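Contents: one structure, followed by commentary.
These numbers were taken from a predicted model, which means no experiment stands behind them.
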Amino acid sequence: MPSVQRLLEQPGVLQVTAEQCRNGLVSRSGQQQRKAASLLTNNRRVAEALGRGCQGKRYPSELVGAILQAYSRTVGKAPQEIDLVEAASVAREDLQRDQCYFFPEELEEMDGAEAMPLEEPEEIGHREEVPPAREMMPEAFGVTEDMLKQVGWKKLDTGAWMYLDEHTEKVNGPEPGHEAWRLPWRTSWTWNGADWSLLEDEVRWQDKAQDTRLQPNTRYLSIYQARLDQHADRHMRHFPGMARVTLERMIRKAHEGLGHPEHGRFLRILRQSKASEEVIEAAKQFRCSTCEAYQLPDPARKGAPPKEELFINEWVGVDTVHLRDHQNQAVPALNIIDFHTHFQLVIPMDKESAAEVRKAYRQWVRFFGVPRKVMFDLGTEFKAEFRRQVENDGSEALPSSLETPTQRGLTERAGGVFKNILYKSMLDYQCQSREEWKELVDVACMTRNRLLLRGGYSPIQRVIGYTPRLPGGLLTGGADDHTMAGRIVMGDRDVTRSMKMRKAAAVAFHESDCDQALRAATLAGPRKLCDFEVGQAVYFWRRGAGSTKKTRQSYWTGPGRIVMTSLPNAIWIAYSNTLIKAAPERVRHATAEENMSISGWLRGISKARQDFEKLPKKGFVDLTGDYEMPGELEDDLQANEPHDDTNPLQGPEPVSGVPPLRRVRQKTGEYEHAKEPLGPPPGLTEPPTEPRGEPEREQPEVPALEPVGPLPFLPGEELFDRGIDVDENENHERGQGSSGASATGSSGFADNKRGPEDREPEPPGKRSRVHLLEVYALHLQTLARARQKKEVRATDFKGADAVKLQRAILKEINNNLGTRAYELLSSAESEQILREKPEKVMESRYVLTKKPLEPAEVAGAESEGLLLNDDTHGPCKAKCRHVMKGYSEESALDVESTTPQINRDTVIFLLQVLASLGWDPGFLDFTQAFHSGDAIKRELYCKQPKEGIPGAKASQLLRLLKTCYGLTDGPYAWYQHLDRKLRQLGYKASQADPCLYFLHGGADPETPELEGVIGVATDDLLHGGNERHWANIASIAAEHKLGKNQRGTGRFTGKDIELQADGSIKVSQAFYVKEKIQIIALTRKRKQQRYSKCTPQEIEALRSSLGVLSWLSKETRCDIAGRVALLQQAFPEPRVQDLVEANKISEEARKYAHLGIKVMPIAPERLRISVVTDAAWGNTRDQPWIEDHPDDYWEETEGEWVRHHVQPRRTTFHPGAAPGGPDLHSLDRKRQISFFAPEPDGEIKSGMVEDDWSDGHGIRVLQDQPWTGRTVFNKCHDEKITNQKIHSSLAQLQNLSSQGGQIILYHDRSLSETEQPAMATVASWKSYRLKRKTVDTLAAEGQALQAGLGSIHWHRLLFMEAFYGMLSASDWREVAGRLPFLAAVDSKSLFDAVNKCACTASYVSDKRTAIDLAVIKADLAQTGGTIRWIDTRSMLSDPLTKQHPGTYLRYVLDKGFWAIAEEGHALQAKALEREARRFSESMKAELHKELPPKIEAKAS
């Protein structure tokens, strides 16, 4: 009320709150009135008496019930579902939380500020008693002593106005015409004789109802300003951590309270609310980080020709379009358009490849010549090969930005318009053949170029200067064409067809032109352009596709840094070790919060790859731990990170006993690093030459070094920098987990911590930046360990081994110089290259390894002085490799980076050919393979490694002459060189595997004779053949330097291959099993907790173990392939039972370490191929969780776990069904379900159910109506529940997919003709999850058989190429009949369905399965295959589909023999077994009936 407000402004008026119950006031029922009344008084003692609070802290129950009823209706919940919390308990919790976040001094300040003594109630209207801060005194605003000598108005330097007056009764405001009238904020002081006292604290004087009254004869000072001063709020007493109230914060609060409206709408709301101009101006500058982070990108820029003078063939756009022919089949076509004339050419192609695109593009070049600039999108057909050929032609290639084909909008739009013209033409003219359709394409293209007018001229007129004559057309003089008219009169079909084509194309063009014009007019509008600068943090828009499954279709990706701008078309962004070219309309600036969050750690991530490439010498430190940083790392980080005693990623420790509002999982880790200085090895003498890095003294240049003899190192140089060890054999843990598990090679993490958080729970799929950093650091640590297993440091070479390392380095340098891999430039030449061609210069480094040796290589290494004394892992030699950092090359993305490598199945096939023909296997390894190849075709230079090259200055560069190690195209360049050499010797590459070569001979080309075969794995060869072949190998050995050239026994691609005495060849990996496979250490107590989640160190140990087992099962041990494949599906959250299963598989692999593939010597004329397929229905997981709705969430308290069900459901909830839940062994078996379900009449039905979640009914239908509520699981503090008491129904519900398996066999043909065991070689195998979910076992078996038939054709093609000559892709089916095959299954229903001569849909309920069976039947009939049913006991593929011991498969692998029983005999044997089983059961039943009870009990 205005009168009360005026009263409050009077001096000496006190306001006090009095409670009615304190004065004895009660209700009609006799309960105390818990109600407050506000009173005004000018007597201090009265205020003290009224202000004493009531001792009772309870509200009346009626009032509480009424409040609950009203509140429940507003939130849509039942009153019973709302929890009541006393204010005192909330205050206690707040106090406990405050102790986590504030220092004791701040708590004391808060207590002092909040405490209001009863003796001194707050006085309204007087501020003189509170001493103001010095920032709010008049001198802080620029008022000087001279200004205070004379009353009146004065303008300050800040733009504010000052008014000084005396002997007045009120504070006067400025007149309407004065400049101060437009300044809304006023601050006033009064003079008390000694100092100024604050009277008004930045008030809006125009909004005051009346002027501020003053005491008589008072001198006052007022300052008027346009906006709040930046120091205006410093006088306020703020609690620690409390935000200051400013105009910007008020605007932000209003924006958030309105639900984050769009910026323009927010301004309209403020204007309609009569906000002042100051607020409007501040709101215009306001930026909301939340709105910017979730805004959609700007619309695409219009595709228009460049705004510059162009000529014909200056700018040409190229794109691939897919046209539909007369049979509705997609046909790729190349769309080319000139940006100046809009002349278009559409050329159909046979297939969408770089070669076909280049062939079609040549048609444009043949007529117009080479364009100046060629613009295309990022399609695969326009990648390295096409772009390189365009640049070789002399054109400038301009690819579009990332995911922005709209930047080539002119080309894209012209292609779309042409397709519209073509399809409309096809409606009027019906094509009968592909050639006729291509003719219609040409006519449509010609019509478009004739009729499209821009400025009165068509594209064809702009190109050739006139409109070509159209036969029979009036506009081009066709009326005088009597020949054409005569043919039309005579009814010539060809002329009539041409006329119909032209007419249909013309009509279609005009229709499309109208549609396009209307669409362009509708979508026209201005474009807003944003200015970006180099170095800014930005986010770019990505479509919803990638390695992670996003809930949104598209999303903002970042943060990244702008490294270059090419406005208005492109912005180059450095993001995650990748350079992104993005369109400006798909880029936004990082918000204020995002800038603050990325400023500290972005530099470390950007340097991670560079540090990792340098032999990871820098350890990766987990900043979430509170430990002292290693000295060396601290020195490196001082320049980038602020010095602070606190860790920015370490959250506050929660107070014990405080229940968190939500769970916060935080990983912490601690790593120890051992530093060891690395200096020159002892015993290496160094001449007294000048140290590097001193330009004052002249040093003779070394343009070339002799390739022989030792090269001295320069003094004062350390060969390698000091490094930090990451010891993978130690496990540093901050705290021991409950499992007590430790594994070799696993780093420790601290126990999970929980802390309170005031925010609402985030969706389970959303990760914090700290979490992402932890995952990134863990990933780098794993990569570092994997790399250190292969790569070593100089400090690992001790004593005499250090001298041998020096010899290895000298040998590497001499070999590179001797093979002319590179040459050393002079200092002047190097300086010129760095100045003129810096983009051609890359970095390089040394890679050191301890290479394991085979027995035949030991003598050679010892003679070279490289054999190491350290034989922990067998005989090894020191090896050094000078490697280029190819990723730093400018054209690294344009060159071919493929690494040709022979397939695993091809290796077994090659060995089968050798065993069948009785040839000895040969093993050949090239030394300096890349340097022995062809000369490099581009200009490249590299810097010396940090350690330098002996005898050279640090400033001298190396000119690369050949594809050195480390270049992205090095492996492919070597393969091309080797391919050309082998073809010169008569070898031909296989069409199935380009790394397999055949040498054929013989007089008759129809029946060629195989004389040799070679398999290529980069610089290793596996080969065999007759005398001609070995003569070719001798010529290769004479031309190249070899590391090994063995015969009979050797190692190839990590597998030991040995020729046996019986002519068979054994392939094994016993050395790999002995060295790599390790058992994960688990205590007995931990093993009993089968359903518990694995700790981070256990997950890392399981991942390492699975990596070893998966490689072993893929290469030689198919007996464990199925179990390994099923175990891999336990991620991302494996349990202890998965650790136990991994240990069982590892123990089995160790037990049968000698086992491998036995390639049997089967005669070529008796060689056959078979496939054995199997499938297990519904035994593999498709998703890690049964349910994971983002609305439902977990809550953990001191004694229970609560699952809140916000999403309506019908079934009960299992604690292991959703992520983020508790350990199942830590819960009590009972659960309480509180549910609320709406009834049809609108009422809400509530109830509570208590049952057992660990039995077979843990997941069941609770009620038919959907319900919400919560499920409570009590924690078990005494004895934990055992795994035997937890039912496996949860795991059964997760198994919704099926596992398939197949084995390819090379065997003697007697296997399919008799029941006797025949020689068989297990050639290939695969265990995989079926892509499609199935409804029954028949569907799963059908999918597995269909995949197996596709695999067997690939093997048949290899054998037909080897023994019947090289085949083409079209005639291999005709030759396939010469090599029949067999498909074996153990599903009787599948066998009967395939052999029935009837429509598959008539006896199969699932139509999709019927299609699969129809395809199988057609495939078997066309390719000469037969299907056989075998007994389950003879099934080889069972270990690939289920948890099977694999005993029978191991027997076949070891002996090399397999047998198939006839169908009738197998069925008869199974029937006899069933009959014997029934007879035994009946005899036992009769015996139990005749025996007395006591004897029966003993018998049982």
Side-chain angles (χ1 to χ4, degrees), residues 350-356 358 380-381 383-386 388 895-914 921-926 929-930 932-934 937 963 967-1000 1008 1010-1025 1029 1032-1033 1036 1040 1052-1055 1114-1115 1169 1304 1323-1324 1350-1373 1375-1376:
D350 294 337
K351 57 182 178 179
E352 190 174 0
S353 64
E356 288 292 330
R358 174 65 177 176
T380 56
E381 67 275 12
K383 284 296 179 64
E385 182 177 352
F386 177 81
R388 184 168 56 251
V895 297
E896 184 62 56
S897 59
T898 304
T899 303
Q901 190 85 1
I902 190 172
N903 188 272
R904 177 206 64 182
D905 298 344
T906 311
V907 174
I908 304 298
F909 160 78
L910 192 152
L911 294 176
Q912 182 63 64
V913 172
L914 299 183
F923 307 88
L924 188 144
D925 177 23
F926 293 93
F930 291 2
S932 302
D934 302 328
K937 297 180 181 180
T963 52
L967 295 182
T968 54
D969 62 333
Y972 185 71
W974 162 249
Y975 170 78
Q976 288 182 314
H977 169 79
L978 185 61
D979 176 77
R980 184 170 57 257
K981 178 63 179 177
L982 293 178
R983 291 181 185 275
Q984 291 175 357
L985 296 176
Y987 294 88
K988 293 183 179 180
S990 169
Q991 297 186 20
D993 191 340
C995 293
L996 178 66
Y997 290 85
F998 298 109
L999 178 64
H1000 289 100
L1010 184 64
E1011 297 185 353
V1013 60
I1014 295 178
V1016 179
T1018 312
D1019 56 354
D1020 290 345
L1021 301 185
L1022 174 63
H1023 61 92
H1029 167 79
N1032 293 338
I1033 295 298
I1036 294 176
H1040 298 79
F1052 183 74
T1053 62
K1055 297 182 284 291
K1114 176 185 175 183
E1115 295 298 321
I1169 307 176
I1304 304 294
S1324 175
S1351 300
I1352 201 173
H1353 292 327
W1354 185 83
H1355 289 266
R1356 296 174 72 204
L1357 178 59
L1358 287 176
F1359 276 103
M1360 287 186 288
E1361 285 183 334
F1363 297 110
Y1364 300 103
M1366 307 306 293
L1367 305 176
S1368 63
S1370 58
D1371 61 354
W1372 76 272
R1373 287 183 176 271
V1375 190

Q | Crowding at NZ, K1114 (>12 non-hydrogen neighbours, <6.0 Å) | A | no

Q: Examine distances only and state if a side-chain atom of N903 and a backbone atom of D993 form a donor-acceptor pair shorter than 3.5 Å.
A: no

Q.
Testing the basics here: between A992 and L1357, what is the closest heavy-atom pair and its distance to 0.1 Å?
A. CB-CD2, 4.1 Å

Q: Could you tell me whether the side chain of F926 reaches within less than 4.5 Å of the side chain of I1036, counting heavy atoms only?
A: yes

Q: Rounded to the nearest 0.5 Å, what's the gap from OG1 on T1053 to CG on D1020? Could you check?
A: 8.0 Å

Q) What class does the angle between the rings of H1029 and H1023 fall in, given that below 30° is parallel, 30 to 60° is tilted and above 60° is perpendicular? A) tilted

Q.
On a heavy-atom basis, which atom in L999 and which in G986 lie closest, and how many Å separate them?
A. CD1-O, 3.5 Å

Q. Rounded to the nearest 0.5 Å, how far does CG of L1022 lie from CG of L910?
A. 5.0 Å

**Q.** Heavy-atom closest pair, residues I1304 and S1351
**A.** CD1-CB, 4.3 Å

Q. If you measure from CZ on R904 to CD1 on I908, what distance do you get to the nearest 0.5 Å?
A. 7.5 Å

Q. Once you round to the nearest 0.5 Å, how far does CD of E352 lie from CD of E356?
A. 11.0 Å

Q | Closest non-hydrogen atom pair, Q901 against C995 | A | N-SG, 3.4 Å

Q) When rounded to the nearest 0.5 angstrom, what is the spacing between CH2 in W1354 and CZ in F1359? A) 10.5 Å

Q.
side chain to side chain contact (heavy atoms under 4.5 Å, CB included) for D905 and H1355? Distances and angles first, verdict last.
A. CA-CA 8 Å; D905 298 344; H1355 289 266; 3.8 Å; yes

Q. Do D1019 and F930 pass the side chain to side chain contact (heavy atoms under 4.5 Å, CB included) test, and can you show the C-alpha distance, the side-chain angles, and the key distance before you say yes or no?
A. CA-CA 8 Å; D1019 56 354; F930 291 2; 5.6 Å; no

(Q) How close do W974 and T1018 get, counting heavy atoms only, and between which atoms? (A) NE1-O, 2.8 Å

**Q.** L1358 vs S990 side-chain heavy atoms within contact, under 4.5 Å
**A.** yes

Q: Answer yes or no: is there a donor N or O on one side and an acceptor on the other, between the side chain of H1000 and the main chain of F1363, under 3.5 Å?
A: no

Q) Once you round to the nearest 0.5 Å, how far does NZ of K981 lie from OH of Y987? A) 11.0 Å

Q: Please state whether the rings of F998 and F909 are parallel, tilted or perpendicular, taking 30° and 60° as the class boundaries.
A: perpendicular

(Q) To check you understand the geometry: which heavy-atom pair defines the closest contact between T898 and P900, and what is its length? (A) O-CD, 3.4 Å

